[in-house]
Amino acid sequence: MALLKGAGQIGTSPARAADLLDTVKSAGVLKVGIEGTYPPFNYRGTDGQLDGYDVDVAKAVAQRLGVKAQFVTTEWSGIIGGLVAGKFDVIVNQVAITDERKKSLDFSQPYTYSAAQLIQRKDDKREFNSLDALKGHKLGVSLGSNYDKMAKAVPGIDVRTYPGAPEYLRDLAANRIDAALNDRLMLAYLIKTSNLPLRPGAVLEGANQSVGIPFRKGNPKFAKAIDDALTQMKQDGTLTKIAQKWFGEDVSKPAK
């Protein structure tokens, strides 16, 4: 949605909202909406500080805009609404670029490429190889996520929605749901670092996704600045370095 224009007038010319780039530079900070509970993308470390792939990306983008990143933690279910309401300037939280979202928001170029993957319990001998195979079963997803819409598009699945990944992963481990659906890049890290008895399931065919940085419409200078920053980060190897740090592979390029 566009920024609200001012109601006041000078002469016959209506006041116009400043481009977001001017606002950000004037403030000296880029306000970034983020969950803070979604490892390895964003989470709080043992020192209580935010860390993760998206945190590193956001800091690098802000640096190239000449400002500092200021993080605002928000549950996923309310993060898009928070952006529209102006609680932060951008979201850097693995937001998939979809036609539906592009109706109300603008997006940067993609900075991550991934796919949807199922999660199952280690002791579950069943193999769900597609969403169709989950008809009649309980599937956990984050409320309002791309995976929420993906699952609900298949009739017959008992879709259970949660505020975020920690809640549905606990329910999956406790056998209250049969599977969960999330980003394939999250799974390896989650299984490696958690004590939950989970395993990666099938990568869903045709469920590839491009992830970008969303912001409110009506900010052409900001849009160019964000894209320029990401282009520089791809060209100078910054994005590749950050991706290798967290995933051991370059997720800033489409899989071959």
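Side-chain atoms are counted along with the backbone in the values below, which use heavy atoms only and exclude waters and symmetry mates.
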* Asked: Is it the case that Gln209 and Tyr147 place a side-chain donor and acceptor less than 3.5 Å from each other?
  -> yes

* Asked: Can you find a side-chain donor-acceptor pair between Lys68 and Gln63 that sits under 3.5 Å?
  -> no

* Pairing residues for Asp56 by the side-chain hydrogen bond (donor to acceptor under 3.5 Å, both in side chains) criterion, not counting sequence neighbours -> Lys245, Trp246

* **Qualifying residues under side-chain hydrogen bond (donor to acceptor under 3.5 Å, both in side chains), relative to Asp250, sequence neighbours excluded** => Thr240, Ser252

* Asked: With a cut-off of 6.0 Å (strictly less than), are more than 12 heavy atoms of other residues, nucleotides or ligands near CD of Glu127?
  -> yes

* **N-O pairing of Lys221 and Asp19 below 4.0 Å** => no

* **Residues Lys135, Asp158: salt bridge by 4.0 Å N-O rule** => no

* Once you round to the nearest 0.5 Å, how far does CZ of Phe88 lie from CG of Asn93? -> 9.0 Å

* To do: Give a yes or no on whether a salt bridge exists between Asp106 and Lys102, defined as a side-chain N under 4.0 angstrom from a carboxylate O.
  => no

* Asked: Is it the case that Ser104 and Arg216 place a side-chain donor and acceptor less than 3.5 Å from each other?
  -> no

* Structure fact -> CZ (Arg170) and CD1 (Ile177) are apart, to the nearest 0.5 Å, by 11.5 Å

* In terms of heavy-atom contacts, does NZ of Lys149 have more than 12 from other residues, nucleotides or ligands at under 6.0 Å? -> yes

* Checking Gln120 side chain against Leu198 main chain: does a donor-acceptor pair fall under 3.5 Å? -> no

* When the ring planes of Tyr111 and Tyr53 are compared, do they come out parallel, tilted or perpendicular, using 30° and 60° as the limits? -> parallel

* Would you check if there is a donor-acceptor pair between the side chains of Asp183 and Tyr38 at a distance under 3.5 Å? => no

* To do: Inspect the contact between Asp124 and Lys122 and indicate whether a charged nitrogen and a carboxylate oxygen are less than 4.0 angstrom apart.
  => no

* Flag for Asn208-Tyr113: side-chain donor and acceptor within less than 3.5 Å -> no

* Asked: Of Asp228, Thr238, Thr231, which is the lone residue that meets side-chain hydrogen bond (donor to acceptor under 3.5 Å, both in side chains) with Arg64?
  -> Thr238

* Structure fact -> dist Ile79:CD1 -> Ser145:OG (nearest 0.5 Å) comes out at 12.0 Å

* Asked: Any luck finding a side-chain donor-acceptor pair between Thr74 and Glu35 under 3.5 Å?
  -> no

